[in-house]
Each structure stands twice: as C-alpha cells, then as structure tokens.
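Within every chain, numbering begins at 1; the chains are lettered A, B, ... in the order of the sequence lines, protein sequences first and strands thereafter.
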Number of protein chains: 2
Amino acid sequence: MAGSNVEAVVNIITEAVRNGRLVPGTRLVEADYTQGLGYSRSTVREAFQRLISSGLLAFERHRGVSVCKLTRKQAIDVYRVRATLEGLAARLATPAAHEKAQQFIELQERLDAAVAKSDLSLFSKLNTEFHSMIADAADNDYLLQAIKRFETSIFWLQFRVLVGQNAVFTTNDDHQEIVRAFVAGDAAAAEAAMVRHILKASDLVQDLDDDYFQSD
Amino acid sequence: MAGSNVEAVVNIITEAVRNGRLVPGTRLVEADYTQGLGYSRSTVREAFQRLISSGLLAFERHRGVSVCKLTRKQAIDVYRVRATLEGLAARLATPAAHEKAQQFIELQERLDAAVAKSDLSLFSKLNTEFHSMIADAADNDYLLQAIKRFETSIFWLQFRVLVGQNAVFTTNDDHQEIVRAFVAGDAAAAEAAMVRHILKASDLVQDLDDDYFQSD
DNA sequence: ACTGACAACTTTGTCAGACAACATTGCACG
DNA sequence: CGTGCAATGTTGTCTGACAAAGTTGTCAGT
C-alpha cells in the first residue's frame with residue numbers, strides 16, 4: 001500500500017469489478033468517487049485514465065467511463081487469446097512446477113475440498129490462485145501482466161459460468177490433467193491441457209444469456 | 001483526430017517513442033510538456049497515466065515517468081510472448097489471408113524493393129505493415145491490442161537490430177515462408193513460421209550492446 | 001581532496017475552484 | 001404524439017495553490 005492515491009483508487013475499482021460489486025456496463029460518475037472515496041477529481045480522473053488503457057473501463061467522450069462490457073464475439077476473442085497465453089505459461093512453468101509439484105497437488109486437494117463443500121466463492125478464489133501460481137512459475141513478467149489483464153476483463157463471465165452450471169467438476173478434472181503433466185515434467189502436455197481447459201470454459205461462456213453481453 | 005486533448009498528447013508521445021525521438025530511459029518532466037505542447041498539467045498528467053498502464057512509460061513515485069527501458073531478460077520475455085501472440089494471429093489469419101493472398105504478395109514485393117534500395121526506414125515501415133496486416137486479418141480485437149502493446153515496447157530494439165546487421169535478408173526470407181503458408185492455406189505452417197521468425201529476431205536482440213538495456 | 005550534513009531548488013502529488021462543451025431529461029408547444 | 005427547447009448534470013480542460021519528496025549545491029571538518 002506504499003503507492004500513491006491514484007493507485008489506491010485503481011485498486012479499489014479493480015477489486016470492485018472483480019468481486020462483482022461493479023457489474024459490466026455500469027457507468028462510473030466522477031462525483032460518486034470523489035465524494036465516496038474522499039479523493040479529489042484529479043486523482044479519480046487519473047485513476048480512470050489508467051483503467052481505460054488497461055482495458056477494464058470503456059471510455060466515451062463526454063459520457064465518461066463505464067465498466068467494459070464485452071459482446072459475445074469479444075468474449076470469445078478474449079478467451080482465444082487467453083487460452084494461448086495461459087498455454088504458454090503452462091509450458092514455460094513446467095520445469096519450475098515439476099520441482100515444486102507438491103504445492104500444486106496440495107492446491108488441487110483444496111480445490112477438491114471446496115467442490116465437496118459446494119463452496120463456490122472459495123472455489124473461485126482457489127481457481128484464480130491455481131492459474132496465477134502457474135503464471136508466476138513461468139517467470140515472465142509480461143506474460144503475467146497480459147494474463148492478468150485479460151483475466152480481469154472476463155472474471156465476471158467466468159464467475160457466471162461457475163454459478164448454475166456444474167462446470168466445477170470438469171474444471172477440476174482439467175486441473176488434474178495439468179498437474180499430472182507437471183509431475184511428469186511434460187511441458188507440451190501441460191500446454192495442451194491448459195489450452196483445452198480454457199477453450200472448454202470459452203464454450204460455456206458462449207452459451208450464457210444475452211444479458212451478460214453487450215448487444216452488438 | 002476527433003479525440004480529446006489527452007488522446008492527442010498520448011499520440012504525440014507514442015509517436016515520439018516509436019520514431020526514436022524519445023529514447024528508452026528518458027525522463028519526461030511534466031513542465032516540458034505543458035509548456036512545449038501548450039496543454040495544462042491535468043491533461044499532460046492524464047496522458048501520462050494512460051501511457052503508464054499501457055506499458056510505454058515507467059513510473060516511480062515522486063520521480064515521475066520515463067520511457068520504459070527493458071532489461072535484457074525483460075526484452076527476451078516480451079519476445080516470447082510476442083512470438084506466441086503473432087503466431088496465433090498468423091494461424092487465425094490464414095483463412096482470410098488465403099483469400100486475399102495477392103495483397104500479401106504485393107506487400108512482399110515492396111519489401112523486397114526496399115531491401116534492394118537499402119531503404120531501412122521504408123523497410124521498417126513496411127515490415128510493421130506486414131505484421132499489422134496479419135493481425136488485422138486475424139479479426140480479433142484483443143489479440144490486435146496485445147500485439148500492438150508489446151510491439152511498441154520493443155520497437156526501439158527492433159529498429160536497432162535492423163540497423164547495422166543484415167537482418168533484413170533473413171527477415172525477408174521469413175516473410176516469404178509465411179506468405180507461402182497463406183497461399184497454401186496452411187494455418188499450422190503459418191503459425192510455426194511466424195513463431196520461428198520472431199524468435200529469430202529475439203536472438204538478434206539478445207546480442208545487442210548493453211547500452212540498449214536497463215542494467216539489472 | 002573527500003565526506004557528511006544541511007540548505008536551496010526542482011519536481012511531483014494532491015487539492016480546490018472555475019467555466020465551457022456536450023449529453024440527458026423533461027416540459028411545453030404545435 | 002412527436003418535436004424542439006430549456007434546465008440540469010457530467011465531463012473536459014485550465015489555473016493556482018501548497019505539501020512532500022527528490023536533487024543539487026555549499027560548506028565545515030577531518
């Protein structure tokens with residue numbers, strides 16, 4: 001938290017989007033944030049600018065910013081890119097992940113437990129942890145950054161998919177496959193499994209209701 | 001250019017970085033831009049914020065922003081990601097590129113001509129056009145956006161490689177291989193050729209002088 | 001001459017207030 | 001019922017201000 005006020009606002013908004021308090025399509029009015037958070041307009045506006053070019057907020061001149069809402073095609077596009085990036089991450093991570101395979105196995109067990117308890121919120125959290133553990137192990141700042149960027153913009157859809165569908169089971173199976181590849185130290189298998197995993201999620205997103213997407 | 005002043009400043013700075021007037025490592029002082037460009041501090045600062053999260057500018061508290069200078073490892077990291085992304089672009093672009101293969105062949109010829117005339121600046125420009133033509137044909141906004149983002153942050157290095165080395169010849173050979181894959185409509189081949197092409201460039205970058213990199 | 005401390009200057013971080021440009025809303029009028 | 005206009009709200013941009021932190025220059029003492 002050593003950062004500036006701008007960063008604080010950026011984090012607050014990012015968090016609000018990720019935990020669903022700010023739904024895609026919501027318009028962000030400057031005044032609400034200056035008053036609500038107690039920062040000046042300059043600070044809030046600068047935070048908005050950062051979030052615009054990070055892709056989280058959409059911008060229209062004289063109409064301010066809103067939480068970016070993707071069209072169905074855009075969502076699919078994001079998933080395609082994400083599948084590739086996370087596939088690369090899995091591949092690059094394999095040597096390091098092979099070393100500390102035990103950590104992945106343990107996380108996997110915690111995921112299983114969350115499924116058993118039907119604790120969706122916990123599952124979602126651990127799921128994010130699983131993916132970011134891989135991205136970290138890949139040891140590539142720019143890959144990590146790109147993955148985070150895209151992950152944030154589909155986080156909402158991701159969560160919607162988990163709710164209601166029993167996607168948790170297949171998700172867990174996929175994870176197991178990835179962990180097995182790590183244990184075997186098979187980078188190509190890890191990559192392939194990750195790509196399949198994410199494209200599967202993409203298929204589920206495609207079937208979501210119209211409401212979740214920006215109309216074209 | 002219908003955009004806001006903020007966008008104008010963003011474009012001015014981006015252009016300055018791309019054409020080498022602003023070298024990585026240069027510190028940007030607010031006052032220089034308010035006076036030099038005739039915009040207010042708010043506007044300039046908001047532009048800086050956008051460029052920070054787009055990755056072009058690096059930020060340090062109370063020390064302002066500077067043009068992002070990558071360490072050697074970071075540069076390699078960027079190339080790895082870029083190779084994957086452009087590989088995906090080539091794969092996705094193949095059907096469309098197959099249809100309008102003639103355009104690629106013509107561009108290829110113009111590239112050959114530039115090489116024959118040793119017109120490095122033109123070559124660099126056409127080279128960028130070649131890659132962005134592929135990214136466009138891939139018809140995926142997010143892929144395009146990610147490619148642009150990474151391309152900008154290594155543009156300087158990319159240009160440095162072309163100067164001095166006779167990388168233009170091998171580059172052109174690589175392009176030909178990609179175009180051939182498009183003509184054949186072979187998506188996998190196009191992807192593989194593109195990945196090889198960019199990793200080759202990565203190797204050249206790795207051999208650049210220390211001066212071009214941030215010391216670790 | 002070197003070093004460390006301290007003062008003077010520069011630059012950034014943040015705030016407050018102002019006003020024009022544009023968007024939205026609601027009302028009056030045809 | 002639709003249309004145009006006024007009232008209101010929101011954003012875009014500018015100016016000025018001041019505290020906080022970084023940077024640079026000076027000077028005494030070894």
Side-chain angles (χ1 to χ4, degrees), chain A residues 1-17 21-69 71 214-216, chain B residues 1-17 21-69 71 214-216:
Chain A
M1 295 295 162
S4 56
N5 289 1
V6 172
E7 274 167 41
V9 176
V10 166
N11 289 335
I12 288 170
I13 295 175
T14 306
E15 257 318 294
V17 171
R21 280 211 315 282
L22 272 178
V23 180
T26 311
R27 188 164 161 200
L28 305 193
V29 178
E30 289 175 8
D32 294 346
Y33 287 81
T34 56
Q35 289 161 25
L37 302 176
Y39 294 112
S40 74
R41 249 187 108 195
S42 332
T43 303
V44 169
R45 281 181 60 88
E46 288 183 19
F48 283 2
Q49 297 295 339
R50 279 217 205 173
L51 292 163
I52 287 165
S53 75
S54 83
L56 193 66
L57 300 183
F59 166 79
E60 276 179 296
R61 192 147 208 272
H62 283 291
R63 302 242 240 82
V65 298
S66 55
V67 180
C68 205
K69 191 173 189 179
T71 66
Q214 174 75 37
S215 52
D216 334 73
Chain B
M1 296 299 155
S4 56
N5 289 0
V6 172
E7 274 168 38
V9 177
V10 166
N11 289 335
I12 288 170
I13 295 175
T14 306
E15 257 318 295
V17 172
R21 277 210 316 281
L22 271 178
V23 181
T26 311
R27 187 166 160 197
L28 305 194
V29 178
E30 289 175 8
D32 295 346
Y33 286 82
T34 56
Q35 290 162 26
L37 302 175
Y39 292 112
S40 75
R41 248 186 109 196
S42 333
T43 303
V44 169
R45 281 181 60 88
E46 287 184 19
F48 282 2
Q49 296 296 337
R50 279 216 206 174
L51 292 163
I52 288 165
S53 75
S54 82
L56 193 66
L57 300 183
F59 165 79
E60 276 179 293
R61 190 145 210 271
H62 284 290
R63 284 160 109 243
V65 298
S66 54
V67 180
C68 204
K69 191 173 191 179
T71 66
Q214 175 75 38
S215 53
D216 332 71

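Going from atom CD of B:Glu7 over to atom P of D:dT11 covers 16 Å, rounded to whole Å. Taking atom CD of B:Gln35 as the reference point, atom P of D:dC14 lies 14 Å away to the nearest angstrom. In this entry the distance linking CD of B:Glu60 with C1' of D:dA21 reads 13 Å, nearest Å. A straight line from OH of A:Tyr33 to P of D:dG9 spans 20 Å, rounded to a whole angstrom. For the pair B:His62 NE2 and D:dA20 P, the computed distance is 9 Å after rounding to whole Å. Rounded to an integer number of Å, the gap from CG of A:Asn5 to P of D:dA20 is 13 Å. Rounded to an integer number of Å, the gap from B:Arg45 CZ to D:dT13 P is 16 Å.
Here the shortest heavy-atom pairing between A:Gln49 and B:Val6 reads OE1-CG1, 4.0 Å. Residue A:Val9 comes nearest to A:Ala47 through the heavy atom pair CG1-CB, 3.5 Å, listed as atom of the first residue, atom of the second, then distance. The minimum heavy-atom distance linking B:Gly25 with B:Ser66 is given by the pair O-CB, 4.0 Å. In plain terms, the two heavy atoms of A:Leu56 and A:Thr14 that are nearest each other are CD2-CA, 4.0 Å. Smallest separation of non-hydrogen atoms from B:Arg50 and A:Ser53: O-OG, 2.7 Å. Heavy-atom minimum distance, A:Cys68 versus A:Pro24: O-CB, 3.6 Å.
Using a 4.0 Å heavy-atom cutoff across all strands shown, A:Phe48 reaches no nucleic acid atom at all. A:Ser42 comes within 4.0 angstrom of a base, heavy atoms only.
Each of A:Arg27 and B:Gly64 has a nearest nucleotide on DNA chain C; the 5'-most of these lies closest to B:Gly64.
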* Worked check of side-chain contact (heavy atoms from CB on, under 4.5 Å) between A:Ile13 and A:Tyr33 -> CA-CA 10 Å; A:Ile13 295 175; A:Tyr33 287 81; 4.1 Å; yes
* How far apart are the C-alpha atoms of A:Leu28 and A:Leu51, what are their side-chain angles, what is the distance that settles it, and do they pass the side-chain contact (heavy atoms from CB on, under 4.5 Å) test? -> CA-CA 12 Å; A:Leu28 305 193; A:Leu51 292 163; 5.9 Å; no
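Between the two ends of the helix from C:dA1-D:dT30 to C:dG30-D:dC1, each summarised by a five-pair axis, the helix axis turns through 10° (rounded to 10 degrees).
Bracketed by its first and final contacts, the part of DNA chain C lying under 4.0 Å from non-hydrogen atoms of chain A reaches from C:dT14 to C:dT24 in 5' to 3' order.
For A:Arg63 (side chain) and A:Arg27 (main-chain N/O), no donor-acceptor pair under 3.5 Å exists by modelled atom type.
Remark: the A:Arg41 side chain and the D:dT13 base include a donor-acceptor N/O pair separated by less than 3.5 Å.
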